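Here the structure is laid out as structure tokens; the discussion comes afterwards.
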Amino acid sequence: MSTEIRLAGVIGDPIAHSKSPALHGHWLARYGIPGHYVPLKIARKDLKKTLRALPRMGFSGVNVTIPHKEHVLSFADSVTDRAALIGAANTLTFSANGQLQADNTDGVGFLANLYQNAPDWRADAGPALVLGAGGASRAVVSALLGDGAPQVFLVNRTRVRGETLREKLGARVKVMDWAHIPDLLPDISCLVNTTSLGMEGGQPLQIDLSDLRPTTLVTDIVYTPLQTGLLQQAAELGCPTVDGLGMLLHQAAPGFERWFGRKPDVDGDLRQAVLSA
Ligand code: ATR
């Protein structure tokens, strides 16, 4: 790598809450890389011209967060298959001539977190039950299917959103009602919450997990608090659990490697740096 100062960042609106600057900042400092990663508050009306300007300003790429994840696809010169499938991008890379490649690393980040923290679990071991049908769910469901989950049961408050997701992601997705959850629990190899239920200050996620097998992996993409009610209940039943912070850490790694030229470690030090940011 040359000694040129590399630039990357995260675009969103609002952006002040983003953990990404602390995360990438930790890696830059750890590896002594001369570069900066900055939060950029960009209004939707300014998105297109910002994406044209950033490569000219020397940026190698940016992460994308709410509310731009879907919209950026229409400005990309190329879109990876997984971003197209998910219908959203979280990682943009600018080529030397300013071309914009849009990728989505949420799904691989989700899986990498599980494989790191529950090494005995495999996506192809059995059916999964996914709660929620928003943007995060699309990434999670497509990742589970891509890694061989034989079936993904999908439960969402608004059933039609689940149906739309099934149409896009295929017949291994089966849309069920909340009322069916107790019948599904004994047969699943993993349970994933992708809804915002259980988040600090919000509504709780109320499900009785007693019928889960003790080998069923339970994970939550909510990471405030780290130990959600869902994870706590699962842990009390002896099930393996993985919290959602690792997904945030892992989804960041491919972008960092592309922009700053080094594959970063996702470990306890990084986790601590993000938690204390
Ligand atoms: P994200 O991109 O983070 O997934 P989203 O697209 O807003 O965010 O999706 C939020 C998910 O949480 C949805 O599945 C939503 O259910 P609906 O599709 O019915 O809106 C779910 N969710 C949010 N609040 C909920 C609540 N009070 N009860 C049940 N589900 C809820």
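One-based numbering, in listed order, for ligands and for the atoms of each. Residues: numbered from 1 along the sequence shown. Just so you know, these numbers come straight off a predicted model, no measurement behind them.
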query = Does atom 10 (C) of ligand 1 have any protein heavy atom closer than 4.0 Å?
reply = no
Those atoms of ligand 1 less than 4.0 Å from some heavy atom in A136 = 1 (P), 2 (O), 4 (O)
message = Under 4.0 Å, heavy-atom basis, I'd like to know which part of L197 is in contact with ligand 1: side chain, backbone, both or neither.
response = side chain
note = Counting heavy atoms under 4.0 Å, the part of N156 that contacts ligand 1 is side chain
Proximity to ligand 1 by part of A133, non-hydrogen separation under 4.0 Å = backbone
K168, NZ: over 12 other non-hydrogen atoms inside 6.0 angstrom = yes
inquiry  = So if I count the atoms of ligand 1 from 1 in the order they appear, which ones are less than 4.0 Å from some heavy atom of G132?
reply    = 14 (O)
query = Considering distance alone, does some N or O of W178 sit under 3.5 Å from an N or O of ligand 1?
reply = no
task = With atom 22 (N) of ligand 1 as the reference point, say which of K69, R157, E70, Q206 has the nearest heavy atom.
result = R157
query = Is any heavy atom of the protein nearer than 4.0 Å to atom 19 (O) of ligand 1?
reply = yes
key: Ligand-side contact atoms (ligand 1) for residue partner S196, heavy atom cut-off under 4.0 Å   = 12 (O), 23 (C), 24 (N)
inquiry  = Using a 4.0 Å cutoff against the non-hydrogen atoms of Q203, which atoms of ligand 1 qualify?
reply    = 27 (N)
request  = State whether a side-chain donor-acceptor pair under 3.5 Å links N90 with T105.
outcome  = yes
Verify same cluster id: V130, L111 (apolar side-chain graph, 4.5 Å) = yes
